[in-house]
Amino acid sequence: MAAGNPYTVKWGIMATGGIAETFCKDLLCDPKVRDAHDVRHEIVAVASSSSKKRADEFLQTIDGAFDAKTYGSYPELVADPNIDIIYVATPHSHHFQNAMLALEAGKHVLCEKAFTVTAAQARKLVETAKAKNLFLMEAVWTRYFPLSIQIRKRITSGEIGTVYRTIGDLSFNSNATEGKGLSFDDSHRMVNVDLAGGAILDLGVYPLTWVFQTLYHLQPEQDKEAPTVVAASNKYTTGADENTAIICQFPRHNSLGVATTTMRAHSDPENDAVPVIRIQGSEGEIQVFFPAYRPVKYKVVKKNGESQLVDCPIPGDPARNGWGHGMFWEADECARCLRDGKKESATLPWTESIVIMETMEAALKQGGIEYPELITTDVYDPKSPLNTGNQ
Ligand SMILES: NC(=O)C1=CN([C@@H]2O[C@H](COP(=O)(O)OP(=O)(O)OC[C@H]3O[C@@H](n4cnc5c(N)ncnc54)[C@H](OP(=O)(O)O)[C@@H]3O)[C@@H](O)[C@H]2O)C=CC1
Ligand SMILES: O=C1OC[C@@H](O)[C@H](O)[C@H]1O
């Protein structure tokens, strides 16, 4: 790399669903538009477990990377020597086996949230990345937003005093128009236990992200304290949780986090009428507005009543019809880590992903939510139907 040239990362995309499309469109945005001059991204390959044709169509959908190789299976993708890092964009159920497939093939990995279905799976991924000297990161994109970075800095600088409590919610009103059910088919990944569906793993991970990035991440390294967890869930007819509340207690730090999520009511039905995250300290609080996963504004309210509203827009690339979703910031983090030889991101270290998985696992257990053996095993199987595409 000549001095001054941006470092280029070559991405392989595993799966062609909704989030893969969004992420790839972000990769195709010009980094300079978001003031990133040191890194750039290339999509060099895409795989669909259903067919090569589906992967070909995907390139049309994202309207770019037309030279990328396309594959009709995940094993073919991970074998491609031109790829630096694989983005795993499959349902939760598949993350462990798919990420292992990529790591075992010697590829760095960015794996969608929720990282895994069980904490043991998360530990196994980390052990494998460590043993193989590979980069691995959970794709909790919200952490890499300038908004999140600003908020963490404000907390660290003491602007709201000692933080005692963070309350967060991510909820949607997904009630069916008729009857008592939800609007999803029972086979949909939001509610299907075979795909590790449910509110906790899909939505709850975001309010938990706010609890963790404000109450756990900022604890001094020598005094890290994992929470004790008390949780309750109401189950949907499929067996997945539809309505969950999780309390995280950090007794040594005298703080509490409350994360709630439901598919039965919206976090903010009046649109910006209420904050969806409240980070509460002795000198004031920081309020973050909907949605918890992609917030674009927050308010600092001081004890004396003074307040400041801060807008943090997500830049759109004019050359891509103004597209810009905000996933490019996590992609830039991957690029910088790879460039600098780092195996994990300091913004979401491996230990923290594991503690978050332990927290969600505790909540699932207390809520009586159970998932099938095929998707909870922490034994890697390259021939698992989750890897070969028969499932
Ligand atoms: N960061 C964020 O904002 C978001 C993250 N997500 C996360 O991304 C992941 C995927 O979600 P999303 O893209 O919405 O899901 P989709 O259902 O839209 O796509 C999932 C893709 O995974 C592949 N897949 C492989 N096996 C299966 C299977 N048995 N059933 C269904 N799909 C399968 C398919 O691609 P193919 O046929 O090409 O192999 C499919 O298109 C989840 O972990 C979710 O939590 C989701 C939405 C937003
Ligand atoms: O990650 C996500 O963020 C947005 C939600 O709508 C989606 O279900 C979830 O997977």
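Hydrogens, waters and symmetry mates play no part in the numbers below; they use all other heavy atoms, side chains included. Indexing begins at 1, ligand by ligand and atom by atom, following the structure's order. Everything numeric here is computed off the predicted structure, so don't read it as measured data.
Relative to atom 12 (P) of ligand 1, the option among His188, Arg189, His92 with the closest non-hydrogen atom is Arg189. Considering only non-hydrogen atoms, atom 22 (O) of ligand 1 lies nearest to Pro91 out of Gly17, Ser93, Pro91, Ser51. Checking Leu77, Val140, Thr142, Thr90 against atom 42 (C) of ligand 1, the nearest heavy atom belongs to Thr90. Proximity annotation for atom 7 (C) of ligand 1: of His94, Lys113, Arg54, Met14, Lys113 comes nearest, heavy atoms only. Closest heavy-atom approach to atom 37 (O) of ligand 1 among the candidates Ala114, Gly72, Ser50, Ala20: Ser50. Ranked by closest heavy atom to atom 4 (C) of ligand 2, the top entry among Phe172, Tyr206, Tyr293 is Tyr293.
By the 4.0 Å heavy-atom criterion, Met327 is counted among the residues contacting ligand 1. Using a non-hydrogen distance threshold of 4.0 Å, Glu112 does not register as a contact of ligand 2. Heavy-atom separations between Tyr87 and ligand 1 are all 4.0 Å or longer. Taking 4.0 Å as the cut-off, His92 does not count as a neighbour of ligand 2 on heavy-atom distance. Residue contacts with ligand 1 include Trp141, since one or more of its heavy atoms lies under 4.0 Å from the ligand. Using 4.0 Å as the threshold, Tyr74 has a heavy atom nearer than that to some atom of ligand 1.
One finds a salt bridge joining Asp202 and Lys113 here, because a Lys/Arg side-chain nitrogen approaches an Asp/Glu carboxylate oxygen to under 4.0 Å. A salt bridge links Arg252 with Asp223; the closest basic N to acidic carboxylate O contact falls under 4.0 Å. A salt bridge links Arg123 with Glu358: at least one charged nitrogen is closer than 4.0 Å to a carboxylate oxygen. Of the charged side-chain nitrogens involved, none lies within less than 4.0 Å of a carboxylate oxygen, so that Glu330 and Arg143 do not count as a salt-bridged pair.
Heavy-atom contacts of Ser49 reach the following atoms of ligand 1: 25 (C), 36 (P), 37 (O), 38 (O), 39 (O) (cutoff under 4.0 Å). Residue-ligand proximity, His95 to ligand 1, at heavy-atom distances under 4.0 Å covers atoms 43 (O). Within ligand 2, the atoms closer than 4.0 Å to a non-hydrogen atom of Lys113 are 1 (O), 2 (C), 9 (C), 10 (O), numbered from 1 in the order shown. Under a 4.0 Å criterion applied to the non-hydrogen atoms of Met190, ligand 2 contributes the atoms 8 (O). Remark: ligand 1 atoms within the under-4.0 Å shell around heavy atoms of Thr16 are 35 (O), 36 (P), 38 (O), 41 (O).
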message: Evaluate Glu21 against Thr61 for side chain to side chain donor-acceptor pair (under 3.5 Å), listing each step before the verdict.
response: CA-CA 7 Å; Glu21 179 183 331; Thr61 308; 5.4 Å; no
task: Would you sort out whether Thr128 and Tyr380 count as a side chain to side chain donor-acceptor pair (under 3.5 Å), showing the intermediate values?
output: CA-CA 11 Å; Thr128 308; Tyr380 168 55; over 6 Å; no
task: Check the pair Asn387 / Asn98 against side chain to side chain donor-acceptor pair (under 3.5 Å), numbers first and verdict last.
output: CA-CA 6 Å; Asn387 282 327; Asn98 295 169; 2.8 Å; yes
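Scanning both residues, Trp350 and Glu344, for their nearest heavy atoms gives N-OE1, 2.7 Å.
In this structure, the side chains of Val229 and Glu361 stay at 4.5 Å or more apart for every pair of heavy atoms.
The shortest contact between atom 5 (C) of ligand 2 and any protein heavy atom is with Leu203 CD2, 4.0 Å.
Residue Arg294 does not touch ligand 2, judged by heavy-atom distances below 4.0 Å. Of all the heavy atoms of Phe115, none lies under 4.0 Å from any atom of ligand 1, so neither backbone nor side chain is involved. Using a 4.0 Å cut-off between heavy atoms, Asp202 contacts ligand 1 through its side chain alone, with no backbone atom that close. Using a 4.0 Å cut-off between heavy atoms, Ala89 contacts ligand 1 through its backbone alone, with no side-chain atom that close.
The distance criterion of under 3.5 Å between nitrogen or oxygen atoms is not met by Leu195 with respect to ligand 1. Between Asp202 and ligand 2, at least one N/O pair is under 3.5 Å apart.
To the nearest 0.5 Å, atoms CZ (Arg154) and CD1 (Ile286) are separated by 6.5 Å.
With no hydrogens or angles considered, no side-chain donor-acceptor pair links Thr262 and Ser171 at under 3.5 Å. Ser345 and Glu333 are linked by a side-chain donor-acceptor pair at a separation below 3.5 angstrom, with hydrogens and angles left out of the test.
A cation-pi arrangement is present between Lys224 and Tyr216, with the terminal nitrogen or guanidinium carbon under 6.0 Å from the aromatic centre and inside a 45° cone about the axis.
Taking the six-membered ring where the residue is Trp, the centroids of Phe290 and His266 are separated by under 6.0 Å.
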